[in-house]
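Input: a single structure, listed below in structure tokens.
Ligands are counted one by one from 1 in listed order, and the atoms in each one are counted from 1 as well.
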Amino acid sequence: MQTTIATTAAGALPLVIQGGMGTGVSNWRLARAVARTGQLGVVSGTALDTIFVRRLQDGDPDGHARRAMARFPIPGVSETVLRRYFIAGGREPGTAYKLLPMYKQVVSAARQQLTMLANFVEVHLAKEGHDGVVGINLLTKVQLPNLASLYGAMLAGVDYVLMGAGIPREIPGALDALAEHRAATIRLDVDGLAPGEAEYLTLDPREHWPSSPPAALTRPRFLPIVSATSLATTLARKSNGRVDGFVVEGPTAGGHNAPPRGELRLDELGQPLYGERDVVDLAKLRELGLPFWLAGGTGSPAGLRTALDAGAAGVQVGTLFAYCDESGFTPELRATVLAGVTEGRARIHTDPRASPTGYPFKVVQMEGLDSQDDRRTRNCDLGYLRTAVRSAGGRLVYRCPAEPVDTYVAKGGDAADTVGRRCLCNGLVANIGHPQPRGDDGVEAPLVTSGDDLLAMGAFLRGRTSYAAAEVVEYLLAGAAAATGATTG
Ligand SMILES: Cc1cc2nc3c(=O)[nH]c(=O)nc-3n(C[C@H](O)[C@H](O)[C@H](O)COP(=O)(O)O)c2cc1C
């Protein structure tokens, strides 16, 4: 007998969340392809402003960005951005991309509007032509653009917001405020503040509308990404607004990982060692009474089945989607890595130093895969991972341990913090085909991340060298069929 698996109807919870993958790996094409299957497609909002202006400078070949820009509701913004960044036919080969001013606590209205527009465009395109659900993923730690990113995504009707890499306790309240076009404020993390002193980030939507803003927006569901039940409990009880569920991510997941609990111990390859204390107590999590999805090594039918058996609503999967046809990774990069996986040449290194955030970060390593290393001439011109510091003179300065060492030290940083750091901003933007040319140094090299399960992808690939996002969803849903005793065919 042939049974069709019920897909997610509007309002119902997804079985599969296609995890947000920055920067630009989970772009609108991927999220749309997944949303069309009835599951949750998620665009990455991280560094989307830079990606957006680079697409425009590359001529927006299919016109998608410009089509979506025409729908941006705040008057005049799209026209200004087009004038400044769009190049018909694309840049002259080898010409450097025009950069955006790096984010600070306070930036111009035009800079905020550009971030809103970029996030609006991505979500608008992801939602175009179907009734499926679309989310946006942001990193809590990349604080400075987040309020503008959220508002732009909400103007496009984003259904879910997913945020990890930090404790997003003030985001639920910010979503409530932004949905009503009210000012949203979150606390800015600043090193070196005096006791009792605080700094804030604020976005007041009304300052961006020439007349009154439109009707209230839909408040998206909010799913924090956590690695421990204690964090889920804190967020469920102490957030300043509604939390709608959790993604629980283990240390085998692609991208950044939470550091192990307790003292950092490394294996013989210098990778963090995880232990019993890092295992999430799902029984306790269930007591919170909110839906949850398991992420990290759950990208298989068995992974989904096990998650459902453990009381989860489903799984969040990244790595399998990162190499599908609709992913933002360049076709060359996908082909190189998949060939390396098939031939057993690829490795995943969980690097505790690479990311300026201080979180362990997984890097794909293999011969023949160009990858950023210590030979890169340091240059900080995107700045998403800069953090604010109160300088001796009282001003806020912004620094990143991957920037030139003398600059970092001049801002009061410790040179030891700079060792082994990679420029994730430039590396990750290179992964998706927008590397910044650097004159005699060539172009910025990629820096590819994936989960540990990359190496086990053979079971899914079965000899294929390419596949569509919908095939990933179909593959995973076989696990739901097994869990409910149904069969697929
Ligand atoms: C290429 C790549 C980039 C990622 N970037 C992000 C990100 O920007 N934000 C985030 O919350 N998670 C990120 N992740 C994690 C995924 O959203 C997802 O939770 C994870 O990949 C699930 O584990 P899996 O890799 O075993 O499928 C990334 C994963 C990959 C593979």
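- Atom CZ of Arg345 is surrounded by more than 12 heavy atoms from other residues, nucleotides or ligands within 6.0 Å.
- Among residues two or more places apart in sequence or in another chain, the ring pair (Phe, Tyr, Trp, His ring centres under 6.0 Å) test is passed with Phe329 by Tyr323.
- For the residue pair Ser149 / Thr115, no side-chain donor-acceptor distance below 3.5 Å is found, with atom types taken as modelled.
- Between Tyr467 and Tyr475, the ring center distance fails the sub-6.0 Å criterion.
- Ion pairing of Glu403 with Arg421 is absent here, as no side-chain N (NZ or NE/NH1/NH2) approaches a carboxylate O to less than 4.0 Å.
- Ion pairing between a basic and an acidic side chain is recognised when a charged N comes within 4.0 Å of a carboxylate O; Asp62 and Arg29 show such pairing.
- Listed by chain and number, Gly19, Gly20, Met21, Gly22, Asn137, Leu139, Ile225, Glu249, Ala253, Gly254, Gly255, Ala295, Gly296, Gly297, Gln316, Val317, Gly318, Thr319, Phe329, Thr449, Ser450, Gly451 each place a non-hydrogen atom less than 4.0 angstrom from ligand 1.
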